[in-house]
Structures are given as C-alpha cells and as structure tokens.
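See structure below.
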Amino acid sequence: MSKQSKMNRRQFLASVGAAISAPYIIPSGVLAAPGRPGANDRVAVALIGSGGRGTGLMNGMMRSKIGDQADCAAVCDVDEKRLARAATYQAKWSKKTVTPYRDYRYVLQRKDIDAVVIATPDHWHAVQTVHAAECGKHIYVEKPACCTIEEGQAMAAAGRKNKVAIQVGSQGRSQPEAYLLHRYLVNGNIGHISKVWCFHYNSPADNNPVPDSDPPPELDWDMWLGPLRWRPYNRKYLPGTFRWVLESGGGQIRDRGAHVMSCAMWWMGADGTGPVTIEATGTSPTKGLWDAAVTMHVTYTFKNPDWVLIWDQHTGNAPPAEERKKGEARIVRPGYGAVYHGTKGTFTHWGGDGGTWAERKVREWAPPAGAKDVYKSPGHMEDWFKGIKTGAKTVMNIDAAVGVANLCVLGNLSFILGRKLRWDQAKKEIVGDAEARRLMSRPQRHPYHL
Amino acid sequence: MSEKRVKKAAVAISAVAALAAESEAAGVDAVADLIAKVRDKDDKVRAKALLSAGKIGAPAVKPLAAVMSDEDFEVARAARRGLWKIVRYVGRPGAAREKRPVVPELLGLLGENQPAAVRREVVWMLSEIGGGRCVGPVAALLSNKELREDARMVLQRLPGKRSLAALKRALKAVPQEFKINIAQSLRARGVEVPGLPCQKLVPTRKTSLKPAG
C-alpha cells in the first residue's frame, strides 16, 4: 500500500469510533536533547506485546492529544498470527512503515525508535524495561511494574542511570476524577486518615482444567516464558489468563491492586514509603492451572505516619453501594474501589484504573479560596510524552510504580508462605525470614535476564 | 544409680517409646489419609487435604512425589501443590527442626529413578529451603541436559560460598554451549566473567513476516 493511499489518522480514528482532540501544547522552548525528541518532533514508538491490551494502549495513544506526535514504527509479539494482525492494524494510522518482530531485542537495536510500549505478561515487564532503558528507549510499561523485589530495584536503577522517561500503566493517577479525589483529600475534608480499605471481587478459578500439550505452531512458547523457569505449554496460560498464575501474573491483587493501591499511595503522600508489616490470608483455587488467591485479605501496616492499607478481595465484606451519576454512564466495575476512613468522615471511590469514579460529595466539592491544589495529569499517555519531551517526572514514574508493585509482591508472598512478613523500606528487604528473603528475587532463564 | 531411679528411668523410656510408636502410627495414618484424599476425584476434598500437608512434613514427601506422576493430571497437580505446602511450612522462621528431615527427603528425589518433571520441581523446592548440603546434588544435575538450566538457576539462588564455588567449578566443567549460562549466574552473584560477554541484548528469534504499510 502506498503512503498516499493509506488511511489518514482522522479517517482511522473515525473508523475506530474515536474523537479528534485538541493539539497537546509543549512549551516552545523545549528542544530535543540527546535521546529526547523535541517539542515538534514525532516520536517513533514500537509496541512490544500486541495483544488486546497493547492494541488498546496504541489506540489510546493515537486518540489522545499526543496522537499527532507519534508513529508506530514496529510491533513485536511471540505469536505470529497476532503479530501479522498487529502490523497490518498499526500500519493503517502510522506514517511509518510498521516492521513486525518476534524478538523485542531487534526493536531495541533500532536507533530510529525513540520509545516502546510494553504490554507483555507481567513476568516480562522488568526484563524488557531494563533492556529498553539500557538501549536508551523511553518506556510505557503495563502494570504491575515488577514480579520480584529485585526486579523492581533493577527497573528503577535502569531508569535513573539511562535518564529515560518511564510511565507505568497505573493510569488511575491520570483520571479526571482521581484529581478531584486527591484534591479533596489533601484539603483535609475527612481529617487524618488512618485506614484505606480497598475492596475487590475475587480472582477467577480455572473450572475447566486441561492437560499440558504442545504449543500451537504460531506461538514461540520458549520466548513467551522468557525469564520464567521452563514448564510445558498449557493453553490456560494465555492469552490474558497469565494473570491468574502466581508466577506470571499474580491475581487481582496485582492486576487491580496495582491500580487502586497506586491511587492510595499517591493521595496519601506515601510514594517512597512502605509498610512495616504485611499479613495475608486467603483461599487457593481447588483445581486447575491457576493458583492465585481466589479470596484474599491483606493488611499493610505503615508507621510514621501510622495508617493501615487493606486489600480485601471478596472476603465477605460488602462493597459500598454503587453511586450512579446523573446522565452519565454507570460505574463499570462497582465491586472494585476503596473507602478512605478519616477522623472527620469517609470517602469512597470506585475503580482506580482507566475508570475512576469519585463519590458525589467529592465531585461537588468547590475548593475555597486558598485551597491546596494537586498535580492534574493531562492524561496518562500525554504525561508520558511530557516526560519524554521535557524530562519531567511522570505521574506514575518507575520509583512510585515499584513501590506499589512491591505491595502486591509482598501481599502475595505473605499469602504463599502463610505468614506475616516484616519489611524494611529503607533497605527494601524482608527482615527476619530467611526463606522469604530468598523469594525477593527469582533466578531467570538464560538469556532473558535483568 | 539407685534401683528406684533405674525403675523411674525405665518407666520414662517405655513411655517415650510408646509415645513415639503412637506418634509414628499417627504419622503413618496421617500420611495415608493425606495421600488417599489427594487421590480423591473431588477437587474440594483434595484442596482441603492439602491444608494439612505442611504439618505432616517429611513423612509425606516421598508419597506425595509418587502421586505427582499420577495419570490424572489434576491429582498430580494436587500432589505437587501439597509438596510445596510442606516446603513453605517448614521454611518458616524457627522451624529448623521440622525442615531438617524434609531436605534429605527432597534430595532423595533428585535421582535418575525419578521422572524429570518431579526432579525439576524438587530442585526448585530446594532453592527455597536448601542449604550447603544441597549444593553437590544440585550441581550434579548440571550434567543433565534437560535439567541443567534449572540446576544452574537454583545454584544461583542457594546462598553461601559452596554454591558460588560450585558455579565457578561448573564454568570450567560444563560444555562450551552452556558456559554462557553459568557466566550469567556468576555475574548475578557479583563475579566478573571475562571472555563470555553477556548475551541478553542479542536478538535471535526471527520472523518471516514482512513490514506493513
């Protein structure tokens, strides 16, 4: 297909039902720095992991205010059928030729690619982020950031050392109502907060287990496993269902905990801090491949200031009644959110990811003169591009994201081990439990390592 | 020792022996009960049984390992999870006495008489609770092409000088094509390995698909 005959961006957006938005303004003084595109430069992006989530992220990017500043230059996937579809799909809107790759390291070798969007299963996030940072690419990586404590530290170190903009996909921080909630909270409307109760429905169980088998011919199973220790293929690992396997996903506490606890850490001003103890209980599936907790209760205790963060996954406590907004779409997942308990009252939000809904009193609160304001993200992708072009810290930067992912990691470790853990945030390590300490890292298969 | 004291000691010894016999019988019963339930066709019965596996400990290790090869893959999976329950339970702080007999039971499952799937799982269990005495048996797996990558990763995780020394020895002993894997572990343990450059950023997997657009 010639460039002239290609669908333009406007036509493509119309074809996927998206609205065209106003141009995103970058200060004119911003010039390109080494490894950093200038204000008016287009950013060449590669998508690594072109399944539903990856495609959704690219759609979101081109629909957003920075859509006119980006091109897709490459797609990468270990499933050849999906890869072929992704290349064709992305080429419809990109001004660049879209090259398909099975191995993401070919993408990293290309000097003309500025940034990567990583939407692979969780067990790949850290390795691909570290490698991309080492190759000077700016990175948008899906949440949760890491699967182990060691991985998180390596990601943060690679980001710092290579001075690349990293945005982690806990996009709740960039939602309009998240801004309202944050502002409401920091202005003391519910007083000192001593407890944040995150509620969520259960992780699914694999009720139709199947035996291990040969992988389908289009799938490079070895590459899908990547850093994980080898095991036979089972079709219940993918697509998407890796989420319910502890090693490759980790259940709802990671999939959604990385959203709702991300909001909590940000609004509580707790980024950079961590709990002193973590205690989890829960129930495991009774059959099937998936082993993530079906129900789960985790208590994180923070000190100085003292507060408690609770992850409550379908343990019998009813979630708050759903609030519907007049004339607006109903809350997509009302069984998921958090209640903040303060000395002067409570507030509730539902969701915490791309859908974040605030309680009515928060939405209707008018800040008085002199009220504190908080950072208002221009949008998660836009905030990332701002980081790419100006060097500004992203709203879900890698340090904050690793802090949130560590909560998920530690919650699952406490569940797996069946005991309370103690955590030293300054040293970023578990204390007083030799076996648990070994699980802060996980040796990785050659050559898919940090 | 007076006759009275001898009598008292004899009574105490026989009481201890009786208790031990009783406890052994109870242990045997508990293992048999556990295995029967792990083999049950009802997944809820299996899952409930696993909750007690940790406390049964060492006596259940080999019987559970045997069930890991059951032709019903769900039963085999339950047995594997039961074994992990034991490992995690005896690995808790202050449980050295319970862990001590479990480790040799696991080591006994690394032999060639066991299926590769069992040996692979067991070597990872040892990575969590094993100590210096595990290094030799794990390092021996480096000569097995099917299991050597798992053994290499487990040696990387096992703390202490013995595992590090085993990796250094392995660098000289393993076939050329596997040296780069050993080098990866040595680097992870803070050892410089000249002459074997890191391969992590070298792409190898090609696609036949053509560019689009």
Side-chain angles (χ1 to χ4, degrees), chain A residues 1 3 6 78 80 83-84 87-92 94 96-106 108-109 127 131 134-135 209-212 220 222-223 229-232 284-289 291 416-419 432-436 438-439 441-450, chain B residues 42-48 50-51 54 72-74 77-78 81 84-85 87-93 95 99 117 120-121 124 127-129 146 149-150 152-159 178 180-185 187-188 198-213:
Chain A
M1 186 192 283
K3 287 288 172 191
K6 283 174 74 157
V78 298
E80 292 276 302
L83 182 60
T88 307
Y89 183 77
Q90 298 299 336
K92 286 180 184 169
S94 178
K96 285 186 181 290
T97 298
V98 180
T99 310
Y101 297 101
R102 183 188 296 192
D103 189 331
Y104 70 96
R105 293 168 299 186
Y106 286 111
L108 302 187
Q109 284 187 334
V127 168
H131 292 183
E134 287 173 348
C135 293
V210 297
D212 297 337
D220 185 336
D222 183 77
M223 194 84 186
R229 66 186 175 104
W230 191 87
R231 78 282 317 270
S284 296
T286 58
K287 62 179 172 183
L289 179 76
D291 56 356
I416 292 165
L417 295 172
R419 55 187 181 261
D433 189 327
E435 188 199 355
R438 287 193 197 182
L439 300 181
S441 66
R442 184 165 71 192
Q444 296 165 315
R445 267 190 331 138
H446 177 79
Y448 314 112
H449 63 95
L450 294 169
Chain B
D42 184 339
D43 60 289
K44 289 179 182 63
V45 172
R46 292 197 298 267
K48 196 174 172 193
L50 296 188
L51 300 177
D72 180 335
F73 67 92
E74 276 295 301
R77 181 176 279 148
R81 288 181 177 165
W84 275 110
K85 288 270 183 203
V87 170
R88 267 74 191 255
Y89 184 75
V90 302
R92 71 192 192 280
K99 181 168 74 174
R120 178 176 284 119
E121 207 65 33
W124 278 97
S127 85
E128 293 191 15
I129 59 167
E146 200 177 354
E149 181 65 349
D150 294 281
R152 190 269 302 169
M153 290 189 277
V154 169
L155 285 174
Q156 183 181 316
R157 180 182 260 176
L158 286 173
F178 195 62
I180 195 74
N181 303 50
I182 299 291
Q184 175 182 321
S185 284
R187 285 195 190 94
C198 178
Q199 300 293 303
K200 69 178 186 178
L201 294 176
V202 180
T204 53
R205 308 299 184 94
K206 295 202 169 180
T207 178
S208 56
L209 297 172
K210 301 291 175 217

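- Of the residues considered (A:R102, A:R229, A:R231), A:R229 shows the highest number of contacts with chain B, using heavy-atom pairs under 4.5 Å.
- Proximity of A:P100 to A:Q90: side-chain heavy atoms (C-beta onward) are nowhere separated by under 4.5 Å.
- Between the side chains of B:E121 and B:W84, a donor-acceptor pair is found at a separation under 3.5 Å.
- With a 4.5 angstrom heavy-atom cutoff, B:E74 touches chain A only via side-chain atoms.
- Residue contact with chain A, scored on non-hydrogen atoms closer than 4.5 Å, involves the backbone and the side chain of B:Q199 alike.
- Heavy atoms closer than 4.5 Å to chain A are found in the backbone of B:S127, but not in its side chain.
- With a 4.5 angstrom heavy-atom cutoff, B:R92 touches chain A via backbone and side-chain atoms both.
- For B:V202, the part sitting under 4.5 Å from any heavy atom of chain A is the backbone (N, CA, C, O) and nothing else.
- Heavy atoms closer than 4.5 Å to chain A are found in both the backbone and the side chain of B:R157.
- Interface summary for chain B: among A:Y106, A:Y448, A:Y101, the most heavy-atom pairs under 4.5 angstrom belong to A:Y106.
- Residues satisfying the ring-ring contact (aromatic ring centres under 6.0 Å, His included) criterion with B:Y89, sequence neighbours excluded, are absent altogether.
- Counting heavy-atom pairs closer than 4.5 Å to chain B, the top-ranked of the candidates A:T88, A:L108, A:D220 is A:D220.
- In this structure, the side chain to side chain contact (heavy atoms under 4.5 Å, CB included) partners of A:T286, at least two apart in sequence or on a different chain, are B:D43, B:K44, B:A47.
- Contact of B:R81 with chain A is made through the side chain alone, with heavy-atom distances under 4.5 Å.
- Proximity to chain A is absent for every atom of B:L50, based on heavy atoms less than 4.5 angstrom apart.
- Interface summary for chain A: among B:L51, B:I129, B:D150, the most heavy-atom pairs under 4.5 angstrom belong to B:I129.
- Here the side chains of B:K200 and A:L450 are not in contact, with every heavy-atom distance at 4.5 Å or above.
- The most heavy-atom pairs under 4.5 Å with chain B, out of A:D212, A:V78, A:D433, A:V127, come from A:D433.
- Using a 4.5 Å cut-off between heavy atoms, A:V210 touches chain B through its backbone atoms (N, CA, C, O) alone.
- Proximity to chain A (any heavy atom under 4.5 Å) is restricted, for B:K210, to the backbone atoms N, CA, C and O.
- Looking at A:R442, the atoms closer than 4.5 Å to chain B (heavy atoms on both sides) sit in the backbone and in the side chain alike.
- If you measure heavy-atom distances from A:R419 to chain B, the contacts under 4.5 Å come from the side chain alone.
- In this structure, no portion of A:A434 lies under 4.5 Å from any heavy atom of chain B.
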